[in-house]
Amino acid sequence: MRASSSGLEAILLVGGQGTRLRPLTLTTPKPLLPTAGVPFLAHQLAKARSYGVRRVVFATSYRAELFTEAFGDGSGFGLEIVYMTEKQPLGTGGAIRNAAAALTCPPDAPVLVMNGDILSGHDIAAQVEAHLSRDAAVTLHLTEVEDPSRFGCVPITPDGRVTAFLEKTPNPVTNLINAGCYVFRRSVIDSAIPPGQVVSVERETFPKLIEDGALVLGYVDSSYWLDVGTPSAFVQGSADLVLGKLKSPALPGEAGEYLVLEGATVSPEAKLTGGTVVGTRAMVEAGASVQGSVVSDDAVIASGAVVVDSVVGAGARIDPGAVLRDVVVGDRARIGSGNELTSGLRVWPGVTLPECAVRFSSDI
Ligand code: GDD
Ligand code: MG
């Protein structure tokens, strides 16, 4: 471990509502959704810890109490975790400013700030080193994506200086985007973000720093990167962790085609592939096929059902022969036999879709 990142303090932004992941996030905040067998954040925390982070301030708002229940004082994760909760969400910038009050490091120390919905293989120590060697105000991890319009578009000069920050612009000028992991000089948080106000770090703080001539640095890295903010990305992230495409110290078991958690029952005649995870007490019956999907705790996939790239919520039941592709089934919902659901369909918690009799033309 390089000295520059060990003993680093971090702020984790976890106050968003996760609206694009409804109905999963109606009850569980996005950063706590079970992902490859553990709450999503466990992967980010284990990674931060592996780079020497020992103290993390959680910037919470939506359902803050659930984070305390899941992570407590952090000792179970080899970390000290403290919580700073916004009564009303203060936006990404306001949340960083509010959380910074709980930091213990000196004004010139680097502080790691992370969006709480990112899976990334990038080298945090190298990002911190780049930040310190250039004495930057803030250093942004940047990555290249095909469609930058959904993210913060970040053009840079050849020596890495950020020249603009264009949040969710319909006219992106580069494929380089903000990957949601920053190193701030601590004093910059206090001087650039007003306290107690709703502030967007992307729409206000970064553009203002750039305009004022502060050194905002881009740290470009092309290793694995994913924002799990949509159902299909969430399913992909979980599958990639199980498959080992992104190595996570928090994965509860060996990487492979599937991960079956303790207490689950999977028939030897069921087929699990593509990084599927089967939750505690869940059941997958003979002849069922589950590919690249998340089967949550206590869910049942009955015989002959086919589940592809989907999330099956806790206690949900997929009846014999039902087919799901790219679907989210809420907790305790039931999908009757014969239903074939596709293309981003979402079934709300507790809803029952009755059996759907399949009629062939010869019957009519
Ligand atoms: N505490 C707190 N308070 N946290 C918040 C708030 C708030 O008011 N609003 C959002 N967050 C947290 C979310 O929980 C999430 O972890 C993070 O801030 C980013 O919010 P998202 O809602 O996921 O934003 P996004 O994905 O649309 O865009 C952001 O991430 C992209 C990379 O994935 C931006 O930072 C983009 O510039 C970036 O490209
Ligand atoms: Mg996001």
Side-chain angles (χ1 to χ4, degrees), residues 10-22 24-25 28-33 35 39-41 43-45 48 56-67 82-102 112-120 122 138 140-155 162 164-169 172 174-182 184 189 193 196-207 210 216 218-221 224-234 236-237:
I11 294 174
L12 202 48
L13 295 175
V14 289
Q17 293 219 1
T19 44
R20 287 169 296 174
L21 273 174
R22 284 180 188 157
L24 300 174
T25 46
T28 309
K30 171 166 64 172
L32 296 181
L33 288 175
T35 313
F40 180 82
L41 279 187
H43 299 288
Q44 274 187 307
L45 291 174
V56 184
V57 183
F58 276 33
T60 57
S61 179
Y62 176 65
R63 312 214 64 165
E65 67 291 348
L66 297 180
F67 290 89
V82 291
Y83 301 86
M84 292 296 275
T85 302
E86 302 138 52
K87 283 195 194 71
Q88 299 298 326
L90 290 174
T92 47
I96 295 169
R97 177 70 155 95
N98 188 58
L112 189 70
V113 177
M114 293 184 287
N115 285 353
D117 60 349
I118 303 293
L119 289 174
S120 166
H122 88 286
V138 52
L140 317 181
H141 169 209
L142 307 179
T143 191
E144 217 167 66
V145 296
E146 258 170 47
D147 177 12
S149 65
R150 297 190 296 123
F151 301 100
C153 172
V154 186
V162 173
F165 195 108
L166 310 162
E167 181 69 6
K168 308 209 170 78
T169 172
T174 166
N175 287 59
L176 272 186
I177 59 128
N178 167 30
C181 179
Y182 322 123
F184 271 87
I189 299 178
I193 309 175
Q197 290 181 27
V198 177
V199 178
S200 160
V201 80
E202 297 89 350
R203 294 181 194 276
E204 297 169 71
T205 313
F206 294 146
I210 295 162
V216 178
Y219 172 77
V220 181
D221 180 287
Y224 183 98
W225 184 85
L226 188 70
D227 172 330
V228 300
T230 63
S232 58
F234 172 70
Q236 190 195 328

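None of the values given here were measured: they were computed from a predicted structure. Just so you know, ligand 1 is whichever comes first in the structure, and atom 1 is the first atom listed for that ligand. Residue indices begin at 1 and follow the sequence shown.
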Query - T19 and Q17: side chain donor to acceptor below 3.5 Å - result: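 Short answer, no.
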Roughly how far, to the nearest 0.5 Å, is [atom2] of [Y] from [atom1] of [X]?
X: C153; Y: N178; atom1: SG; atom2: CG; answer: 10.5 Å
X: L142; Y: C181; atom1: CG; atom2: SG; answer: 10.5 Å
X: M84; Y: F58; atom1: CE; atom2: CZ; answer: 14.0 Å

Quiz: residues 112-120 side-chain donor-acceptor pairs under 3.5 angstrom, not counting sequence neighbours:
| from | atom 1 | to | atom 2 | distance (Å) |
| --- | --- | --- | --- | --- |
| D117 | OD2 | K30 | NZ | 2.9 |
| S120 | OG | H122 | N | 3.1 |
| S120 | OG | H122 | ND1 | 2.7 |

Report task. Would you check if the side chain of W225 reaches a backbone N or O of T143 as a donor-acceptor pair within less than 3.5 Å? Result ->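 No; zero donor-acceptor contacts below 3.5 Å.
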**Report entry** For ligand 1, the residues whose heavy atoms come within less than 4.0 Å (ordered by chain, then number)
**Finding:**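 Residues near ligand 1: L13, V14, G15, G16, R20, K30, A59, E86, P89, L90, G91, T92, A95, N115, G116, D117, I118, F151, G152, F165, E167, K168, N178, Y182, E202, W225, D227.
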Query raised in the report: What's the OD2-the Mg ion (ligand 2)-OD2 angle here (D117, D227), rounded to 10 degrees?
Result: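 The two atoms subtend 110° at the Mg ion (ligand 2).
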